[in-house]
Amino acid sequence: MAFIADRLSRIKPSPTNAAQGKFLEMKAAGKDVIGLAAGEPDMPTPDHIKEAAIKAIHANDTRYTAVPGTPALRQAIVAKMKRDHGLEYKPSQTVVTSGGKQIIFNAMLATLNPGDEVIIPAPYWVSYPEMVMFGDGTPVIVNCPESTGFKLTPEALDRAITPKTKWLILNSPSNPTGAAYTHADLRGLCDVLLKHPQVHILTDDMYEKLVYDDFKFATPAEVEPRLYDRTLTMNGVSKAYNMTGWRIGYAAGPQKLIDAMITVQSQSTSNASSISQAAAVAALNGPTDFIPKNVATFKQRRDLIVSMLNQTKGLKCPRPEGAFYVYPSCAGTIGKKTPDGKTIANDTDFVNYLLEAEGLSVVQGSAFGQGPAFRISYATATELLEEAGRRIQRACGALS
């Protein structure tokens, strides 16, 4: 009898976490490395948010909260959804989790039965298919090439839907590509979804505030109110508010689904940290003047790295609409030889070469379901990003 459960054989560890772990290990060993694998803003958490947490500690707000979150935070989520998207929810239709990842995990565990299908556009965030499989579902990967802007088209969605389809997972702006769906893009997808009442939508809006060049963000339930009862809108404070370590995700959706997700959470982690929840209230209700400043910095970095990559032999990099990732193709390096005679056979070989030759940590596109490519997070100091660009140019120039 095997000791480790069979379900673990269906999933694999996160490649992005693995890349970041290897970078930290090399850095601790004193090596000259630059990490562009982790999706984490380098700006500090704003002072008013930190002060709210400190105040909560001094007020002894350090006990268990209700499983789905404090009344104050659930009300702040309701206000945010109304303010930003015109969507009306009751506090009971919201849930707070220990990071955004737990929203997806809880939703999949609460709804999937063996054989249920979940449509996932590729390139995708590495955890989506793994969490579907953990919940006994079947990921249906739909390739979205650069020619479609790395976005799911209505025609491709319609072809992928079957009687077994239970969910569509949509991430805009996207991790890993930074691609973002316009109102018109979403309108086309919503028209398809209206024809298939069995399909629910999990929309991952984690990067909604990080958009560039006058892009206007929209979320599916806002675009098509008739999908309100079939849409789980998830978000968190990690990316826009520089709060990755605070571990707060949240979602709003139909009452029956939220109740089921709360049941899952009640038997796993229970409530998110009371102190982090107090900080998240300050984030959602407080001043947001720092966000446009951060966005301006990210835009400058995006333009810098896109320009440097497009001047690099063998690489081609589209300009993303949002998030803080670029997803350059490395197809032009496949089949080339490194200075020590190794052949670059795929994008994993390419990113390993960058790490070994130049101490540069990035993530291979195959981890996100579409290659040959790689993901760079430009949420790092501008001077480090510029140096990373030089190292990539040097490494690619050395291939023959």
Give me each pair satisfying side-chain hydrogen bond (donor to acceptor under 3.5 Å, both in side chains) with a member in residues 350-363, each pair once, sequence neighbours excluded.
Glu358-Arg394
Are any of the side-chain heavy atoms of Glu386 and Leu304 separated by less than 4.5 Å?
yes
Thr263 and Ser266 side chains, donor-acceptor separation under 3.5 Å
no
Can you see which heavy atom on Leu168 is nearest to which on Val199, and at what distance?
N-CG1, 4.0 Å
Under 3.5 Å donor-acceptor, Tyr64 side chain and Ser274 backbone:
no
Going from CG on Leu232 to NE2 on His200, what distance comes out if it is rounded to the nearest 0.5 angstrom?
10.0 Å
Looking only at side chains, do Thr162 and Glu117 share a donor and an acceptor under 3.5 Å apart?
yes
Could you check whether any side-chain heavy atom of Thr177 comes within less than 4.5 Å of a side-chain heavy atom of Arg375, counting everything from C-beta outward?
no
Do the non-hydrogen side-chain atoms of Ile104 and Trp125 ever get within less than 4.5 Å of each other?
yes
Do the non-hydrogen side-chain atoms of Asp84 and Lys209 ever get within less than 4.5 Å of each other?
yes
Using a 4.5 Å cut-off on heavy atoms from C-beta on, say whether the side chain of Arg159 contacts that of Val142.
no
Would you check if Val211 and Val295 make a side-chain contact, meaning some heavy-atom pair closer than 4.5 Å?
no
Thr94 to Pro68 - nearest heavy-atom pair and separation:
O-CB, 4.3 Å
Quick check for you: to the nearest 0.5 Å, what is the distance between Arg74 atom CZ and Thr65 atom OG1?
9.5 Å
Applying side-chain hydrogen bond (donor to acceptor under 3.5 Å, both in side chains) to Asn242 and Thr45, what does each step give before you reach the verdict?
CA-CA 5 Å; Asn242 313 331; Thr45 302; over 6 Å; no
Donor-acceptor pair between Asp205 and Thr219 side chains, under 3.5 angstrom:
yes
Taking all heavy atoms of Ala272 and all of Ser98, pick out the closest pair and write down the distance.
CA-OG, 3.7 Å
Mind telling me whether Phe324 and Phe298 have parallel, tilted or perpendicular rings, with 30° and 60° as the class edges?
tilted
Between Thr182 and Asp185: side-chain donor-acceptor atoms closer than 3.5 Å:
yes
Among pairs that include at least one residue of residues 237-291, which meet ring pair (Phe, Tyr, Trp, His ring centres under 6.0 Å), considering only residues two or more places apart or in two chains?
none
Provide the closest heavy-atom pair for Ala373 versus Tyr327 in the form atom of the first, atom of the second, distance.
CB-CE2, 3.7 Å
Donor-acceptor pair between Gln265 and Thr97 side chains, under 3.5 angstrom:
no
Taking atom types as modelled and ignoring hydrogens, do the side chains of Asp204 and Tyr128 form a donor-acceptor contact shorter than 3.5 angstrom?
yes
Using a distance-only test with no angle check, is there a side-chain donor-acceptor pair under 3.5 angstrom linking Ser273 and Gln277?
no
Please round to the nearest 0.5 Å and tell me the distance separating atom CD1 of Ile392 and atom NZ of Lys313.
15.5 Å
Closer than 3.5 angstrom, by distance alone: can the side chain of Thr148 be matched with the main-chain N or O of Lys151 as a donor-acceptor pair?
yes
Is there a side-chain contact between Gln393 and Gln311 in this structure, where contact means two heavy atoms from C-beta onward sitting under 4.5 Å apart?
yes
Student check: side-chain heavy atoms of Ile120 and Val140 closer than 4.5 Å:
no
Indicate whether any N or O donor in one side chain lies under 3.5 Å from an N or O acceptor in the other, for Thr343 and Lys337.
yes
Go through Glu40 and Thr244 one step at a time and tell me if the side-chain hydrogen bond (donor to acceptor under 3.5 Å, both in side chains) criterion holds.
CA-CA 7 Å; Glu40 183 168 41; Thr244 51; 2.5 Å; yes
Looking only at atom types and distance, does a side-chain atom of Gln255 sit under 3.5 Å from a main-chain N or O of Ser92, one as donor and one as acceptor?
yes
Can you check whether Tyr325 and Tyr378 have ring centres sitting under 6.0 Å from each other?
no
